[in-house]
Amino acid sequence: MFFQNITSTDSISAWVARQIDATRDAVKYGWDVEIKPHKRQRTYQQNRYLMAVMEHIVQFYHDTGYMPAGCAAWAMRTDVQKEYWKARLGIGSTAKLSTKEFGDFVDKIQGTMAAESGGEYEIITPPDAYLESLAAM
């Protein structure tokens, strides 16, 4: 559960107490409660930009026949490309990435495509809404 830093300790305590009361009969041993600072996740605009990059890679394949190393023609779909790049770059889940880590992930994808294609792949830049969403954070 996420609580903004302006939420009172009493409000948080009351919420936790309600959760304990609601689950008391179903819990055999007790509860694990973890308190940690909230980490901002990526933005909607970042997700849109990633999918635009995936579409751009697939279109590049259709235009040139070029495929990233280790790919097959059946993998040249946006949904498969996202999973391919996560696996290739060692990313278990993009949901766990901070906004900066997510941006680095997308940059690495495009940089790798440009390098491996001998500069034929043209890196696309994020739209203004993407940059504005990062500045607002």
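Residue indices begin at 1 and follow the sequence shown.
Counting only residues at least two apart or on different chains, no salt bridge (Lys or Arg N to Asp or Glu O under 4.0 Å) pair has a member in residues 6-18. For residues 67-77, the salt bridge (Lys or Arg N to Asp or Glu O under 4.0 Å) pairs, not counting sequence neighbours, are Arg77-Asp79. Among pairs with a residue in residues 20-29, those fulfilling salt bridge (Lys or Arg N to Asp or Glu O under 4.0 Å) read Asp21-Arg24, at least two apart in sequence or across chains.
When side chains are defined from C-beta on, Val106 does not count as touching Gln46, because their heavy atoms never get closer than 4.5 Å. You'll find the side chain of Thr94 reaches within 4.5 Å of the side chain of Lys82, heavy atoms only.
Separation of atoms CD (Glu122) and CE (Met113) is listed at 12.0 Å; rounding is to 0.5 Å. Atom CD1 of Ile91 and atom CH2 of Trp85 lie 12.0 Å apart (nearest 0.5 Å).
Val58 and Thr78 make their closest contact through CG2-N, 3.7 Å (heavy atoms, listed as atom of the first residue, atom of the second, distance). Gln81 approaches Cys71 most closely through the heavy-atom pair NE2-SG, 3.5 Å. In terms of heavy atoms, Ser11 sits closest to Thr7 at CB-CG2, 3.9 Å.
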Please lay out, stage by stage, how Ile57 and Met76 fare under the test side-chain contact (heavy atoms from CB on, under 4.5 Å). CA-CA 8 Å; Ile57 290 171; Met76 297 311 295; 4.0 Å; yes
Between Trp31 and Thr23, does the side-chain hydrogen bond (donor to acceptor under 3.5 Å, both in side chains) criterion hold? Intermediate values first, please. CA-CA 9 Å; Trp31 296 267; Thr23 60; 2.9 Å; yes
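Scored by the salt bridge (charged side-chain N to carboxylate O under 4.0 Å, His left out) test, Glu55 finds no partners at all (sequence neighbours excluded). In this structure, the side-chain hydrogen bond (donor to acceptor under 3.5 Å, both in side chains) partners of Tyr84, at least two apart in sequence or on a different chain, are Arg88.
A donor-acceptor pair is defined here as one N or O able to donate and one able to accept, closer than 3.5 Å; no such pair exists between the side chain of His56 and the backbone of Ile123. For Glu120 (side chain) and Ala114 (main-chain N/O), no donor-acceptor pair under 3.5 Å exists by modelled atom type.
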For residues 61-68, dump all side-chain donor-acceptor pairs below 3.5 Å to protein atoms at least two apart in sequence or in another chain.
unit_1 : atom_1 : unit_2 : atom_2 : d
Asp63  : OD1    : Gln59  : NE2    : 2.8
Thr64  : OG1    : Phe60  : O      : 2.7
Thr64  : OG1    : Tyr66  : N      : 3.1

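Under the 4.5 Å side-chain heavy-atom criterion for grouping Ile, Leu, Val, Met, Phe, Trp and Tyr, Val80 is not connected to Met51 through any hydrophobic cluster.
Salt bridge present: Asp104 and Lys100 bring a charged side-chain N and a carboxylate O closer than 4.0 Å.
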